[in-house]
Amino acid sequence: MPSVFLMPKIRRLMRIFEPYLHKMLRKEIQIEVEKGEMLPLMEEFYTIQGEGYHTGTAAYFIRVGGCDVGCHWCDVKESWNADLHPPTATGLIAENAAKYANTIVVTGGEPLSWNMEPLTRKLKEKGMRVHIETSGAYPLSGSWDWICLSPKKTKLPVQDVYDHAHELKMIIHNRHDFIFAEEQAQKVNKNAILFLQPEWSKREQMTPLIVDYVMQNPKWRVSLQTHKYLNIP
Ligand code: SF4
């Protein structure tokens with residue numbers, strides 16, 4: 001144990017080195033985030049999938065921070081700045097998720113801003129089915145059992161995601177979005193299941209239009225944000 005005379009010296013040295021240690025640690029964390037071994041975790045919760053093909057089924061949601069797609073009606077704008085969300089080890093995320101469910105939905109933010117390989121590998125090692133909700137703005141990484149592609153006009157999907165999507169979920173905020181939805185349906189692979197979903201703040205105006213549209217164009221299905229009607233996350 002250092003003598004009482006040495007203690008002030010040690011404290012002084014620690015004060016000098018502290019910023020360097022913090023800097024080294026920040027650099028280490030940044031490297032882990034770049035590799036996808038750590039991810040900026042915004043929130044995680046067990047709930048019911050409210051939208052799209054798997055509506056009504058229990059799933060554990062992992063929301064990863066960081067998105068530069070910039071949808072003006074985005075309902076998770078707090079997710080955009082990745083720096084606000086703590087870098088978290090993917091092993092820890094997977095361990096936690098395994099306590100709750102067999103189906104995991106990775107959402108954001110835009111999860112494909114990051115390397116998803118380590119997280120999906122660790123989830124799959126635990127025997128879980130892994131789904132993603134993505135705008136498709138970045139190339140696919142990771143291994144997925146279900147890809148829900150929801151393209152946005154501000155940053156269109158890359159071809160890889162069109163080719164591998166299992167469902168195409170188009171958000172309808174105004175009448176022009178029906179035209180955009182048809183354009184996107186031309187680009188996605190032919191097996192993808194097609195959904196039209198009213199943007200929440202416009203649901204009263206858009207839902208009746210979607211219902212009419214789907215009856216006239218039955219290749220599409222209606223998707224509603226049922227979790228919001230149920231008042232669950
Ligand atoms: S892609 Fe998703 S998270 Fe990003 S701005 Fe659009 S709605 Fe929000």
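Order of appearance sets the numbers: ligands from 1, and atoms from 1 within every ligand.
Two residues are said to be in side-chain contact when any heavy atoms from C-beta on lie closer than 4.5 Å; Trp220 and Met170 meet this criterion.
A salt bridge links Lys122 to Glu37: at least one charged side-chain nitrogen sits closer than 4.0 Å to a carboxylate oxygen.
No side-chain donor-acceptor contact under 3.5 Å links Thr90 to the backbone of Leu119. Of the possible polar contacts, one joining the His166 side chain to the Ile147 backbone as a donor-acceptor pair under 3.5 Å is found.
If you check the side chains of Asp212 and Gln216, you find no donor sitting under 3.5 Å from an acceptor.
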Q. Going through the distances and angles, do Ile171 and Asp177 end up as a side-chain contact (heavy atoms from CB on, under 4.5 Å)?
A. CA-CA 7 Å; Ile171 310 303; Asp177 289 336; over 6 Å; no
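Taking a cut-off of 2.8 Å, the protein N, O or S atoms nearer than that to atom 4 (Fe) of ligand 1 are Cys67 SG.
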